[in-house]
Amino acid sequence: MGLFQKYFGGKVKTGSAFKQSYGPESLHKILRRAKYNSPSTLGNLSTKDLDKLEKLIASKARSLPTGAGFGYYTKLYMKRTVSKWWRKNEITKEDMKDFHNIIDAL
C-alpha cells in the first residue's frame, strides 16, 4: 500500500456523505494530515495549493451519488484541470505530480 493510497484510498466520501471542512473524515483534515505526516513527500505543497485541490475535489465529490467512487473520467477531468494550472504557472511541476498521485489514489 502506497503513501497516497494510505491517506486517500476510500476515505473521501461522495454525495450527501461528503464533508469538506468539518469532522475527522473531512477532506480538509485528510489533506492536512497527509501533508504533515509525510513531509518528505508532500512537504513541497503549500496550504494555498492544497486549498485549490480541495475545492476541485469537493466540486466533483458533491456531484457524485452517495457511495459512488471517483470514476476514470472524473479523475481524468481533475488531472486535466491540474495540468492547466501548471501551464498557467499557478503551481509547480512537482505540485502537479503530487496532485496527480493524490487524484489517482481517490
Side-chain angles (χ1 to χ4, degrees):
M1 172 168 43
L3 169 78
F4 296 100
Q5 193 66 29
K6 174 184 171 186
Y7 286 109
F8 303 104
K11 294 186 180 181
V12 179
K13 301 194 185 314
T14 57
S16 63
F18 174 72
K19 295 178 184 167
Q20 182 173 356
S21 59
Y22 298 107
E25 293 183 0
S26 68
L27 179 60
H28 183 79
K29 293 279 186 179
I30 291 171
L31 287 171
R32 296 309 185 272
R33 191 176 316 124
K35 177 180 170 46
Y36 293 115
N37 287 343
S38 59
S40 62
T41 307
L42 297 174
N44 62 327
L45 297 175
S46 69
T47 54
K48 184 180 111 178
D49 293 339
L50 281 177
D51 289 339
K52 286 180 79 160
L53 181 65
E54 181 181 341
K55 288 178 185 175
L56 176 65
I57 294 172
S59 69
K60 289 298 171 186
R62 280 192 197 104
S63 64
L64 293 172
T66 303
F70 291 89
Y72 173 77
Y73 290 106
T74 305
K75 290 179 182 181
L76 183 65
Y77 172 80
M78 290 191 286
K79 285 182 182 180
R80 286 183 177 171
T81 304
V82 168
S83 296
K84 286 178 188 176
W85 292 343
W86 173 67
R87 278 186 249 121
K88 291 181 180 178
N89 291 326
E90 295 178 15
I91 60 173
T92 64
K93 189 168 188 165
E94 291 79 22
D95 292 348
M96 181 185 69
K97 289 178 185 177
D98 288 340
F99 286 173
H100 281 204
N101 289 334
I102 290 169
I103 291 169
D104 282 335
L106 293 175

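Heavy atoms only: backbone and side chains are in, while hydrogens, waters and symmetry mates are out. If you read the sequence from its start, that first residue is 1, and numbering goes on from there.
- A distance of 8.5 Å separates CG in L45 from CG in L53, rounded to the nearest 0.5 Å.
- Scanning for side chain to side chain contact (heavy atoms under 4.5 Å, CB included) contacts around K29 gives S26, R33, with sequence neighbours left out.
- Contact record, W86 with I91: CD1-O, 3.5 Å, taken as the closest heavy-atom pair.
- Side-chain atoms of M78 and F70, non-hydrogen and from C-beta on, do get closer than 4.5 Å to each other.
- With values rounded to the nearest 0.5 angstrom, H100 atom NE2 is found 10.5 Å from R80 atom CZ.
- Residues passing the side chain to side chain contact (heavy atoms under 4.5 Å, CB included) test with T66, sequence neighbours excluded: S16, A17.
- Contacts of T92 classified as side chain to side chain donor-acceptor pair (under 3.5 Å), with partners at least two apart in sequence or in another chain: D95.
- For K88, the side chain to side chain contact (heavy atoms under 4.5 Å, CB included) test picks out E90, with sequence neighbours left out.
- Atom CG of L27 sits about 5.0 Å away from atom CD1 of I57, to the nearest 0.5 Å.
- T14 places no side-chain N or O within 3.5 Å of a backbone atom of G69 that could act as its donor or acceptor partner.
- For K79, the side chain to side chain donor-acceptor pair (under 3.5 Å) partners are D104, not counting sequence neighbours.
- Atom OH of Y73 sits about 8.0 Å away from atom CG of L76, to the nearest 0.5 Å.
- The side chain to side chain donor-acceptor pair (under 3.5 Å) test applied to S46 returns D49, not counting sequence neighbours.
- Contact between G43 and K35 at its shortest, heavy atoms only, is O-NZ, 3.6 Å.
- Between the CD1 atom of I102 and the CG atom of L56 there is a distance of 11.0 Å, given to the nearest 0.5 Å.
- R32 pairs by the side chain to side chain contact (heavy atoms under 4.5 Å, CB included) definition with H28, Y36, T47, L50, D51, E54, not counting sequence neighbours.
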